[in-house]
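It should be emphasised that the depicted structure is a prediction, and the values quoted were computed from it without experimental measurement. One is the number of the first residue; the rest follow in order along the sequence. All ligand and atom numbering here is 1-based and tracks the order in the structure.
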Amino acid sequence: MIIARTIEELQEAKKSLTGSIGFVPTMGALHQGHLSLIRRARDENTHLIVSVFVNPTQFLEGEDLEAYPRKDDADIKICTLAGVDILFMPSIDVMYEKDELCIGAPAVRGYVLEGEKRPGHFDGMLQVVMKLLNLSGATHAYFGKKDAQQLALIMQMVKNYFMDVNIVPCDIVRDEKGLALSSRNVYLKDDEVERALALSQSLKKATHMILAKEFNVERIKKEMLSILSQTDKVEYVAIVNRDFQAIEEIEIGNTIILVAAWVGKPRLIDNLWI
Ligand code: AMP
């Protein structure tokens, strides 16, 4: 595996590549969720590039940029074992200059839910994903459904900017109790782990209600909120169509249920695609 830390090193490493390039961008502290994307990209492509970069422009003032878990040595080992060809680990200076041209999240889809709670987050996310897709020369780029709105906005960016890359959505990976894996789960103290399960349990409850033919969004949300009262603060429970517009009745095959809540230090998100 080649570790590239500069643009020149990355371009040099890419010279020998022929055939499809799978790409998995991450912020590191790799876990089984990331690994599922990496394995899939490995299986489906001739070459595999992974990036580890904690992108400052997607963190808001007061968020956990400084404290965000960094595990470079472990990440290098994991990528080596997973058969990654090139691991791109740039510094902030390599990725950004002052007074940059920026792209922005769309005015409606980009400013509901996560975009409303974290204004500016998606601008920074799209900016870095655009850079990384261009740099990697990926033919296929893999993103988790865990970040549902992020995935939708990246697909929209690729469409709106006529970018030549296939975006591959990947299923959410959970632990044995149902907690969606996240690098931020390391912040959870023992007693908080149990309460964090409320997010996935609320989604499970929604699944059971829908299987029992309850399609009324308000009634489903009410039951979910009662389970989510175990968390410290619910930021939102939303039931939307795949364009992130509010709906009143579940539309099978076109609905996403999303939750965001605080448990101790971390703000957790989870979702379910119906
Ligand atoms: P991050 O390092 O948190 O920026 O995540 C990098 C990529 O991994 C994103 O596409 C995430 O959606 C994806 N990812 C993170 N956690 C999970 C998970 N539990 N299951 C599936 N994909 C995930």
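A salt bridge links Lys15 to Glu12: at least one charged side-chain nitrogen sits closer than 4.0 Å to a carboxylate oxygen. One finds no salt bridge joining Asp171 and Lys146 here, because no Lys/Arg side-chain nitrogen approaches an Asp/Glu carboxylate oxygen to under 4.0 Å. A salt bridge does not link Asp93 to Lys98: none of the charged nitrogens lies less than 4.0 Å from a carboxylate oxygen. Ion pairing between a basic and an acidic side chain is recognised when a charged N comes within 4.0 Å of a carboxylate O; Arg267 and Glu63 show no such pairing. We find that Arg109 and Asp243 are joined by a salt bridge, their nearest charged nitrogen and carboxylate oxygen being less than 4.0 Å apart. Ion pairing between Glu9 and Lys14 fails under the 4.0 Å rule for side-chain N and carboxylate O. We find that Lys265 and Glu192 are not joined by a salt bridge, their nearest charged nitrogen and carboxylate oxygen being 4.0 Å or further apart.
Inclusion of Ala180 in the set of residues having an N or O under 3.5 Å from an N or O of ligand 1 is not warranted. Of the polar atoms of Met27, at least one N or O is found under 3.5 Å from an N or O of ligand 1, judged by distance alone. Of the N or O atoms in Pro25, none lie within a sub-3.5 Å distance of an N or O in ligand 1. Between Phe143 and ligand 1, a contact under 3.5 Å exists for no N or O pair.
Ligand 1 is approached by His31 to a heavy-atom distance shorter than 4.0 Å. Heavy atoms of Asp171 approach ligand 1 to within less than 4.0 angstrom.
For atom 10 (O) of ligand 1, the nearest non-hydrogen atom of the protein is Gly144 N, 2.9 Å. Looking only at heavy atoms of the protein, atom 20 (N) of ligand 1 is closest to Val173 N, 2.9 Å. Of all protein heavy atoms, the one lying nearest to atom 23 (C) of ligand 1 is Lys146 CB, 4.1 Å. Looking at atom 12 (O) of ligand 1, its nearest protein heavy atom turns out to be Asp147 OD2, 2.6 Å.
With ligand atoms numbered from 1 in the order given, ligand 1 contributes 16 (N), 17 (C), 18 (C), 19 (N) to contacts under 4.0 Å with heavy atoms of Leu181. Remark: ligand 1 atoms within the under-4.0 Å shell around heavy atoms of Leu37 are 7 (C), 8 (O), 10 (O), 13 (C), 22 (N). Residue Thr26 has at least one heavy-atom neighbour below 4.0 Å for each of these atoms of ligand 1: 2 (O), 6 (C). Distances below 4.0 Å separate heavy atoms of Ile172 from the following atoms of ligand 1: 20 (N), 21 (C).
Counted by atom type alone, Asn55 and Tyr68 present zero donor-acceptor pairs between their side chains at under 3.5 Å. With no hydrogens or angles considered, a side-chain donor-acceptor pair links Tyr142 and Glu44 at under 3.5 Å.
Between Met89 atom CE and Leu10 atom CG the span is 13.5 Å, to the nearest 0.5 Å.
The part of His34 lying near ligand 1 is the side chain, judged by heavy-atom distances below 4.0 Å.
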